[in-house]
Amino acid sequence: MTDKKVRVRFAPSPTGGLHLGGVRTVLFNYLFAKKHHGDFILRIEDTDQSRYVEGAEEYILDCLKWCGLQPDESPVVGGPYAPYRQSERKALYREYAERLVMQGHAYYAFDTAEELDKNRKEIPNFQYGLAYRDSLRNSLSLPQHEVDALLDAGTPHVIRIKIPEDETISFHDLIRGHVSFETNQVDDKVLLKADGMPTYHLAVVVDDYLMKISHAFRGEEWLPSAPVHLLLWDYLGWKSDMPQWAHLPLILKPDGHGKLSKRDGARLGFPVYAMTWFDAKTGELTPGFRELGFLPEAFLNLLATLGWNDGTDQELFTLDELIEKFSLERVSKAGAKFDFEKAKWFNAEWIKKSDASSLQSAVSAVLADKGIVVTNEDYLLTVINLIKDRCVLIPDFYQQAGYFFEQPKEYDLNAVKPKWTDTKTDFFNALTALLNSDQAALEAHSFEEAFKALMDEKALKAGDVMLPFRIMLVGGKFGPHVFDIASLLGRQETISRIAGALEAFTA
RNA sequence: GGCCCGUUCGUCUAGGGGUUAGGACGUUAGAUUUUCAUUCUAGAAACAGGGGUUCGAUUCCCCUACGGGCUACCA
């Protein structure tokens, strides 16, 4: 079994946006698959039609595409084990459920949802299982002829697994090690719903078997239902083909406690979904990492280090490095609180280490969004190189790069006006004259020298004119070296900005 | 409540029977940058508690506490 081909799957239900915890599960699946030259499969778990959300499946596909984690088999690319949508596999599951009934490992149950709700309310610790199944309406408690009659009459019913008595179910989790459960504590989970759809419990086992899944990774919230799945693998006679399990630690709220939810993002001001999600029903728009200006490389990187490390001090990894270094043994057991500050740091690092050319299209888009159309791509690249060290999120490029393309819309007058003097006006007039006369004046070095010489001549200090000059060109107290900006802007533009600003400063 | 899982700086984590308990984010101070950011240097900051085992536990075991998950005809 160890030489079995590695096949892993990510099996989301299409109910809304893709949570960052989901993306991390995808990532770990993907890394493991690629590291072992295996297959990564996307399977859509849409067995609950009441929760089905239009567009969610497509959205999930788009998220994976954005992240660069493309499945080898999926509903859209197909594959040898199609279909990959459980709703399209519906007919399959009943057969296995009936087989379990036949073998005595499952049974029909006719109780209504209302009856069960009543029991849960009235009986402390009510569980549909060992203690109560005999007093409920099912094929175990009812006489055979009555069951047949009910079935013949088409009475709505579910099929439940019959959890055995007094057994200990244990298994080896790749992350947690030995885990065990007492069957007396496990309830008789529904396997097949009244509408004929399987529940997750049945579907995950049947499909993992049929799709030859070798390793099953999922969030820790699934741990309590693991014994049901183990039993199913056994009862269905597939035990020797059962995948190895790994229950991933959860991603927790940064402040309080509990699983991170999209509500936390709204409350604390950061995204939780990979990409912005629009819920057509509620009209609610939930922001995503992509739209906020995260690079997919940074997003993946920060997700990878949430619960995993390579044992060294390295924190920045490319996807290829992650594939090479990833190992389940180095995944931590404890949940991790999400830290948005660190997330931003990852993005800043990735922007810094990215080539200007790889940032180009994203930056163009941000500028275009603000009405700036870039016509000279080389100029853009130069600008990006000059400023990328001071950008944390992609939209920061607007503030940092905008003034290279258009005159400042407003000036930080508070920084200059109170200390403005006529001598300064003289200085900038003289500077303008100099620029008009000397063609070579804007070669960064010589211009800087000329600027300083002029400064001395007017008995001004750098502190008197450097900042005003910056604000003339940039509008505010930020940006790279002023002389670099001036030389990039060019002589004509610099002259024009000095003139424009001088008016505002002396008004 | 029951069951399951977990617990090293504020956060993500490394480590592991004898260490000055390491790194990163954040934070503080300083240097550089006559802008802002980057960069650099330095600092503060952690083994949940109690019992064992041991010459010696933060590390191994047990208990407690705390945290989290599950407890649906949802995944």
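Lettering follows sequence order; numbering is per chain, from 1. Just so you know, these numbers use all the heavy atoms, side chains as well, and skip hydrogens, waters and symmetry mates.
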Problem set entry | Separation of C70(B) C1' from Asp173(A) CG (nearest whole Å) | 15 Å

Exercise. Given G15(B), is OP1 or OP2 found less than 4.0 Å from the side-chain N or O atoms of Arg330(A)?
Worked result: yes

Problem set entry | Within the 6.0 Å centroid threshold, strictly below: Phe317(A) and Trp308(A) | yes

Exercise. Salt bridge or not for Lys342(A) and Glu315(A), using N-O below 4.0 Å?
Worked result: yes

For this session: Classify the nucleic acid contact of Pro156(A) as base, sugar-phosphate or nothing, counting any heavy atom under 4.0 Å across all strands shown.
Result: nothing

For this session: Evaluate the side-chain proximity of Ser87(A) to Met197(A): yes if any heavy-atom separation is below 4.5 Å, no if none is.
Result: yes

Problem set entry | Strand partner of U54(B), provided both Watson-Crick or wobble distances fall under 3.5 Å | none

For this session: With the side chain counted from C-beta on, respond yes when Val53(A) and Trp277(A) share a heavy-atom pair under 4.5 Å apart, and no when they do not.
Result: yes

Exercise. So what does Lys259(A) hit on the nucleic acid, given a heavy-atom distance under 4.0 Å: a base, only sugar-phosphate, or nothing?
Worked result: sugar-phosphate

For this session: State, yes or no, whether a side-chain contact exists between Phe10(A) and Phe28(A) at a heavy-atom distance under 4.5 Å.
Result: no

For this session: Evaluate whether atom NZ of Lys162(A) has more than 12 neighbouring non-hydrogen atoms of other residues, nucleotides or ligands under 6.0 angstrom away.
Result: no

Problem set entry | Pair Tyr200(A) + His229(A): ring centers closer than 6.0 Å | yes

Problem set entry | Assigned partner base of C36(B), Watson-Crick or wobble definition, under 3.5 Å | none

For this session: Please confirm whether any donor atom in the side chain of Asn125(A) sits under 3.5 Å from an acceptor in the base of G2(B), or the reverse.
Result: no

For this session: Pick base, sugar-phosphate or nothing for Ser225(A), based on heavy-atom distances below 4.0 Å to the nucleic acid.
Result: nothing

For this session: Verify the contact: side-chain N or O of Asn309(A) to OP1 or OP2 of A14(B), cut-off strictly under 4.0 Å; return yes or no.
Result: yes

Seminar exercise, completed: For A42(B), the nucleotide meeting Watson-Crick or G-U wobble distances (both under 3.5 Å) is U28(B)

Problem set entry | Arg176(A) and Leu223(A), any side-chain heavy atoms less than 4.5 Å apart | yes

Exercise. According to a strict under-4.0 Å criterion, is Lys337(A) in side-chain N/O contact with OP1 or OP2 of G10(B)?
Worked result: no

Exercise. Within the structure shown, what part of the strands sits under 4.0 Å from His247(A) by heavy-atom distance: base, sugar-phosphate, or nothing?
Worked result: nothing

Exercise. Does a salt bridge link Glu165(A) with Arg133(A), judged by any charged N lying under 4.0 Å from a carboxylate O?
Worked result: no

Problem set entry | Salt-bridge criterion met for Glu98(A) and Arg94(A) (N-O under 4.0 Å) | yes

Exercise. Would you call Lys458(A) and Asp464(A) a salt bridge, using N to O less than 4.0 angstrom?
Worked result: no

Exercise. Any side-chain heavy atom of Lys452(A) within less than 4.5 Å of one from Glu449(A)?
Worked result: no

Exercise. Between Arg99(A) and Glu95(A), is there a salt bridge with N-O shorter than 4.0 Å?
Worked result: no

Problem set entry | Toward the 5' end of RNA chain B, by each residue's nearest nucleotide, Ala336(A) or Lys352(A) | Ala336(A)

Exercise. Does a nitrogen or oxygen in the side chain of Arg51(A) sit under 4.0 Å from OP1 or OP2 of A75(B)?
Worked result: no

For this session: Would you mind telling me which of Tyr128(A), Tyr108(A), Tyr107(A) makes a side-chain hydrogen bond (donor to acceptor under 3.5 Å, both in side chains) with Asn138(A)?
Result: Tyr128(A)

For this session: Name the residue closer to the 5' end of RNA chain B, choosing between Leu306(A) and Gly463(A) according to the nucleotide with the nearest heavy atom.
Result: Leu306(A)

Problem set entry | Contact check, side chains of Asp412(A) and Arg470(A), non-hydrogen atoms, under 4.5 Å | no

For this session: Could you check whether Gly307(A) gets within reach of a base, just the sugar-phosphate, or nothing at all, counting any heavy atom under 4.0 Å?
Result: sugar-phosphate

Could you run down the sub-3.5 Å N/O contacts of the protein with nucleotides 22-29 of chain B?
unit_1 : atom_1 : unit_2    : atom_2 : d
A24(B) : O4'    : Glu315(A) : OE2    : 2.6
A24(B) : O2'    : Glu315(A) : OE2    : 2.5
A24(B) : O2'    : Lys342(A) : NZ     : 3.1
A24(B) : N3     : Lys342(A) : NZ     : 3.1
C25(B) : O2'    : Lys342(A) : N      : 3.4

Problem set entry | Sidechain N-carboxylate O distance under 4.0 Å for Asp264(A), Lys262(A) | no

Exercise. With sugar-phosphate meaning primed atoms plus P, OP1 and OP2, does Gly479(A) contact a base, only sugar-phosphate, or nothing at under 4.0 Å between heavy atoms?
Worked result: base

Seminar exercise, completed: The correct set of residues in residues 183-198 of chain A placing a heavy atom under 4.0 Å from RNA chain B is Gln185(A), Val190(A), Lys193(A), Ala194(A), Pro198(A)

Can you check nucleotides 4-7 of chain B for protein contacts, nitrogen or oxygen pairs under 3.5 Å, and list what you find?
unit_1 : atom_1 : unit_2    : atom_2 : d
C5(B)  : O2'    : Arg176(A) : NH1    : 2.6
C5(B)  : O2'    : Glu220(A) : OE2    : 3.0

Exercise. Contact class for Ser332(A) vs. all strands (heavy atom < 4.0 Å): base, sugar-phosphate, or nothing?
Worked result: sugar-phosphate

Seminar exercise, completed: Pairing partner of G67(B), by Watson-Crick or G-U wobble and under 3.5 Å for both distances, is C5(B)

For this session: Return no unless some side-chain N or O of Arg120(A) is found under 4.0 Å from OP1 or OP2 of A72(B).
Result: yes

Problem set entry | Residues in contact with RNA chain B, drawn from residues 386-403 of chain A - heavy-atom cutoff 4.0 Å | Asp389(A), Arg390(A)

Problem set entry | RNA chain B contacts made by residues 199-207 of chain A, counting heavy atoms under 4.0 Å | Thr199(A), Tyr200(A)

Less than 3.5 Å apart, which donor and acceptor atoms pair up between the side chains of residues 413-420 of chain A and the rest of the protein, not counting sequence neighbours?
unit_1    : atom_1 : unit_2    : atom_2 : d
Lys417(A) : NZ     : Ala507(A) : O      : 2.9
Trp420(A) : NE1    : Thr425(A) : OG1    : 2.9

Exercise. Taking the six-membered ring for Trp, are Phe505(A) and Phe428(A) ring centroids under 6.0 Å apart?
Worked result: no

